Amino acid sequence: MFDTNILKNEEKAVFSLRSLYGRYGYKSYKMGKFEEYELYSRNRDFLVSENIIVFNDTDGRLLALKPDVTLSIIKNSKDETGCVQKLYYNENVYRVSPRTHTFKEIMQTGLECIGDIDIYNVIEVICLAAESLSVIAPEFVLDVSHMGILSAIVDSCTSDKELKKQIVAFAAQKNTHDIKALCAENNIDEEVCGRLCDFIGIYGEMGSVIEKLDKICCDAKSKEAYNELKFIYSLIKGTAFEKNIHFDFSIANDMNYYNGIVFQGFIEGIPDSVLSGGQYDMLMHKMGRKSGAIGFAVYLDVLEQLSVHTAEYDVDTLILYDDKTDIKELMKKVNEMTQNGTSITVQKQIPSKLRYRHILNLSGKGRENND
Amino acid sequence: MINIALPKGRLGEKVYSMFEAAGYECPSIKENNRKLIFENSDCGVRYFWVKPSDVAIYVERGAADIGVAGKDILLEYSPDVFELLDMNTGKCRMAVAAKKGFHDNTDKTLRVATKFVNIATRFYADKCRDIDIIKLNGSIELAPILGLSDVIVDIVETGTTLRENDLEPIETIVQISSRLIANKARFRFKADKIEEIVNNIKRYGIKND
């Protein structure tokens, strides 16, 4: 057995998450790195970044280095009444970083629950998302929203697609001042505008904000979504995650793809979201499937930013040798020490900047000195 | 402790006075020295001065929990942050300006000089106008005078610089003011304190003109 302390945060997370998803009956799903480009060109809006690395295969087919995993999983899924397919993956995806504007390889682990999705599946996925965060770090927050409420309120503001898009973008920034200005400019009813601003301003533990939400959800569509959230809250209440799962209605995934619960996860010490997911029945329907789906992805590359314990020394022992050293004796010493769990480096000279705890000099000169 | 990035300069001083009026004072900030970080643990705040165009970067990357940045910077760089409050200060507008009497010949590509490449590109893309964008880092007003560009896209406060150089604003793109922004992840862990600061600034810091 090896020392698990040598594992990086993201490597530890992969092991923990694989074990977690396996316990809940999710099957590992291994994919190739490439996918037909057409799959992405048809669903460009679903992708986090629009840029894709494209190339021609030897037979002339246009392929892409995968920018996303979910689309490939849906493509290979089948509708089976009453069944739910549960899968998890651990893959690299290739996306443009919004900060550096260059392509990055991103290690991603996630799960998808595809089929006849009911409230049990939704709560199972939410709890697995919370548990995924908890195995990575003790201090975490999982923020949950419902696209049904946001789309009901935005629909009551306007039917103009462009205007809706602008409102949703401001909602994602919790930007109530620009929403008010936009509503005034477009003669949107003040009461509806106020309801929207109140809605995106709601933030906190589920129990502390559920009443406020009740007052905002006054039409049939948003009431239905509210009832779903209320039921989810009743299931989470009293569990270990009650304090960690919050409502936050600034989470606004694309309304053309996501229709129900959406969520994002955060870990103390990392300035970005580390988990993102939701229910995406609309995407399933767009891709010709009758069933629904819910899933999430954990962005393992950002875990690099979590503080790590840095070792005081690079190696325990530096062993020096030279041309006069008996190589057989040197090898015997090396085997002895490494099998005892001591880390060593064998060098002819002391490397600059090497941090070592002990030095063992087996060079001819060193032996003379020892004698 | 809340880390707050403030924009260096006159606007930053004005913004600090709004935080001070809201109850988040830090007297050491007024001392005449070259320090960059100032802390008042009683109020739970730590301020630091950064270049105005860098505030959004400090906040987006989580080095600061919150900060104050101009809407021009937010529109140009689109950082992934929460925009929690219009501070109602640093007011100006982003406008297209040209030499007095300029006539836009829509038959040819429009040459646009600006520091704000993304804002200008989006503005003309919405109008389906073909433009040749010229990125400059300063003295933008010189471009149309020397024939480098047909128009400029820049911030106009009083219009004095334009007038003195025989230029005039011909179209407003967007109104600008300073905004209080927050890192999206930090907000989740410090929501109570950040919301308290926002509410106190709204109540005691902002003077509506």
Side-chain angles (χ1 to χ4, degrees), chain A residues 48-49 97-101 133 137-144 162 166 169-182 185 197 200-205 208-209 243-252 263-276 299 302 305-306, chain B residues 3 5 54 56-67 69 71 74-89 91 93 117-118 122 125-126 172 174-196 198-199 201-202 206 208:
Chain A
V48 177
S49 87
S97 154
R99 289 180 185 166
T100 60
H101 303 288
L133 295 167
E139 276 193 72
F140 70 90
V141 168
L142 182 73
D143 280 351
V144 177
E162 270 310 303
Q166 257 180 303
F170 286 144
Q173 298 170 347
K174 289 189 182 285
N175 182 345
T176 51
H177 42 275
D178 280 335
I179 285 184
K180 281 177 190 160
L182 195 66
E185 209 176 287
C197 291
I200 62 169
I202 291 181
Y203 183 79
E205 283 173 28
S208 67
V209 297
K243 297 264 174 223
N244 301 91
I245 301 181
H246 296 177
F247 280 138
D248 179 359
F249 299 104
S250 68
I251 300 172
F263 46 88
Q264 273 182 5
F266 299 86
I267 280 173
E268 178 69 303
I270 297 182
D272 301 287
S273 67
V274 296
L275 183 150
S276 175
Y299 309 119
V302 294
Q305 299 173 51
L306 266 183
Chain B
N3 291 313
D54 289 343
I57 299 171
Y58 278 81
V59 174
E60 188 184 28
R61 298 259 179 171
D65 300 310
I66 60 173
K71 185 69 181 175
L74 301 177
L75 287 171
E76 180 62 17
Y77 299 107
S78 308
D80 190 17
V81 293
F82 283 141
E83 194 184 307
L84 300 177
L85 185 65
D86 183 347
M87 304 282 286
N88 206 28
T89 188
K91 283 181 164 182
R93 62 186 166 129
V117 171
N118 295 326
R122 273 200 303 269
D126 284 347
T172 297
V174 64
Q175 297 293 338
I176 305 288
S177 59
S178 298
R179 309 294 167 100
L180 192 146
I181 57 173
N183 176 277
K184 285 188 169 182
R186 296 275 186 262
F187 178 86
R188 265 83 186 195
F189 295 95
K190 297 178 176 180
D192 289 348
K193 183 75 181 172
I194 292 174
E195 283 181 340
E196 176 205 293
V198 169
N199 288 331
I201 291 180
K202 226 187 262 183
I206 294 178
N208 289 308

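Predicted model, so just to flag it, every value in this text is computed and none were measured. In what follows, chains carry the letters A, B, and so on, assigned in the order in which the sequence lines appear, proteins first and then strands, with residues in each chain numbered from 1.
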Exercise. Please flag which part of A/Q305 lies under 4.5 Å from any non-hydrogen atom of chain B: side chain, backbone, both or neither.
Key: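 Looking at A/Q305, nothing touches chain B.
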Quiz item: Of the backbone (N, CA, C, O) and the side chain (C-beta and beyond), which part of A/I200 lies under 4.5 Å from a heavy atom of chain B, both, or neither?
Solution: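 Neither part.
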Self-check item: Under 4.5 Å from a heavy atom of chain A, the part of B/R188 involved
Solution: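 Contact with chain A: backbone and side chain both.
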Quiz item: What part of B/Q175 lies closer than 4.5 angstrom to a heavy atom of chain A: side chain, backbone, both or neither?
Solution: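 B/Q175 has no heavy atom closer than 4.5 Å to chain A.
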Write down the atom of [X], the atom of [Y], and the distance for their closest heavy-atom approach.
| X | Y | result |
| --- | --- | --- |
| A/E268 | B/F189 | N-CZ, 3.2 Å |
| A/P271 | B/G62 | CB-CA, 3.7 Å |
| A/D178 | B/E83 | OD2-OE2, 3.3 Å |
| B/K71 | A/N175 | NZ-ND2, 3.8 Å |

Practice problem: Identify which of B/D86, B/I181, B/V81, B/D192 forms the greatest number of heavy-atom pairs closer than 4.5 Å to chain A. | Solution: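 Among B/D86, B/I181, B/V81, B/D192, the one with the most close pairs to chain A is B/D86.
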Self-check item: Contact leader toward chain A among B/Y77, B/F82, B/F187, where contacts are heavy-atom pairs under 4.5 Å
Solution: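 Looking at each of B/Y77, B/F82, B/F187 in turn, B/F82 comes out on top.
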Practice problem: Quick one: pull up OG1 in A/T176 and CG in B/L85 and give me the separation to the nearest 0.5 Å. | Solution: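 One finds 8.0 Å between OG1 of A/T176 and CG of B/L85.
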Quiz prompt | Interatomic distance, B/D80 atom CG to A/S273 atom OG [nearest 0.5 angstrom] | solution =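 Rounded to the nearest 0.5 Å, the CG-OG separation comes out at 8.0 Å.
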Exercise. Show your working on side-chain contact (heavy atoms from CB on, under 4.5 Å) between A/Q173 and B/L74 and close with a plain yes or no.
Key: CA-CA 11 Å; A/Q173 298 170 347; B/L74 301 177; over 6 Å; no
Exercise. Count the heavy atoms belonging to other residues, nucleotides or ligands that lie under 6.0 Å from OH of B/Y58, then report whether that count exceeds 12.
Key: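 No, not enclosed.
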Quiz item: Are A/Q264 and B/K184 close enough that some pair of their side-chain heavy atoms sits under 4.5 Å apart?
Solution: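 No. Closest side-chain heavy atoms not under 4.5 Å.
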